[in-house]
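Step one of this worksheet: look at the structure below.
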Amino acid sequence: KYGVDRARRVLEIAGRRGISVIRAMGESLPFPNGTFGAVFLIATLCFVDDPRKVLREAFRVLRSGGSVIMGLILRGSPWASFYQEKGRRGHIFYRIARFYAMGEVERMLAEAGFKISGVCSTIFQPPTEGPLHPETPRPGYHQRAGFIAIKARRKGEAQAVT
């Protein structure tokens, strides 16, 4: 329902797609405690200044039983190496990207009060600028995957029924 970003251009694009946009930082969300049933962080952690604080904020704005859904390119994958090289060559986005290992993400989630309830891996194709062919995601974490989806919920809480 809402898109949050600090970049005006990104918000303009999202607004044209019918998303209610708010210019803000993930480290300090302008929502009351317990506002949302889910928070989506898609290709987000690698671009924020303080990923731990972003995860604590996601926890704060989630309702009891809510989940955070994350989409990540993890360090060590061929795709992370591809984007890191683009960053070294001065790419406007990837020069500031920081990719994390799965263990780091697990620790950050745990520190923020989350427990992972599901992981799925996809994009096993080699990195390319061109279009990708469709793939069936695989359950679990696969190190060679280009994209990992993680679902996490608050520790000690039952999953909400949706």
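Just the heavy atoms: all of them, side chains too, but no hydrogens, waters or symmetry mates, feed the values below.
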Gap separating the [atom1] atom of [X] from the [atom2] atom of [Y], nearest 0.5 angstrom:
X: R95; Y: Q84; atom1: CZ; atom2: CD; answer: 16.0 Å
X: E85; Y: H91; atom1: CD; atom2: NE2; answer: 12.5 Å
X: R52; Y: R107; atom1: CZ; atom2: CZ; answer: 8.0 Å
X: R153; Y: S64; atom1: CZ; atom2: OG; answer: 11.0 Å
X: S81; Y: I73; atom1: OG; atom2: CD1; answer: 11.0 Å
X: K155; Y: I116; atom1: NZ; atom2: CD1; answer: 10.5 Å

Please say yes or no: joined through hydrophobic side-chain contacts below 4.5 Å, possibly via intermediate residues, are [X] and [Y] part of one cluster?
X: F47; Y: F147; answer: yes
X: F93; Y: I42; answer: yes
X: V54; Y: F36; answer: yes
X: V119; Y: L41; answer: yes

So which atom in [X] and which in [Y] form the shortest heavy-atom distance, rounded to 0.1 Å?
X: K151; Y: S67; value: CE-OG, 3.4 Å
X: S28; Y: A24; value: O-CB, 4.5 Å
X: R56; Y: A112; value: N-CB, 4.0 Å
X: S121; Y: G140; value: OG-O, 2.6 Å

Answer whether the closest heavy-atom distance between the side chains of [X] and [Y] falls below 4.5 Å.
X: Y100; Y: L72; value: no
X: I22; Y: P30; value: yes
X: L74; Y: F99; value: no
X: I150; Y: L109; value: yes

Here the ring pair (Phe, Tyr, Trp, His ring centres under 6.0 Å) pairs for residues 101-139, sequence neighbours left out, are F59-F114, F124-H142
[X] side chain vs [Y] backbone, donor-acceptor pair below 3.5 Å:
X: R23; Y: R6; answer: yes
X: E27; Y: D49; answer: yes
X: E135; Y: I123; answer: yes
X: R60; Y: L29; answer: yes
X: T128; Y: G130; answer: yes
X: T35; Y: V61; answer: no

Using a 6.0 Å cut-off, check whether atom [atom1] of [X] has over 12 heavy atoms from anything other than its own residue.
X: R88; atom1: CZ; answer: yes
X: R8; atom1: CZ; answer: no
X: E104; atom1: CD; answer: yes

Testing F82, Y83, W79 one by one against Y94 for a ring pair (Phe, Tyr, Trp, His ring centres under 6.0 Å), which residue passes?
Y83
Which residue is it: V39, V105, I148? I am looking for the one with a side chain to side chain contact (heavy atoms under 4.5 Å, CB included) to M70.
V105
Measure the acute angle between the ring planes of Y2 and F31, then classify it against the limits of 30° and 60° as parallel, tilted or perpendicular.
tilted
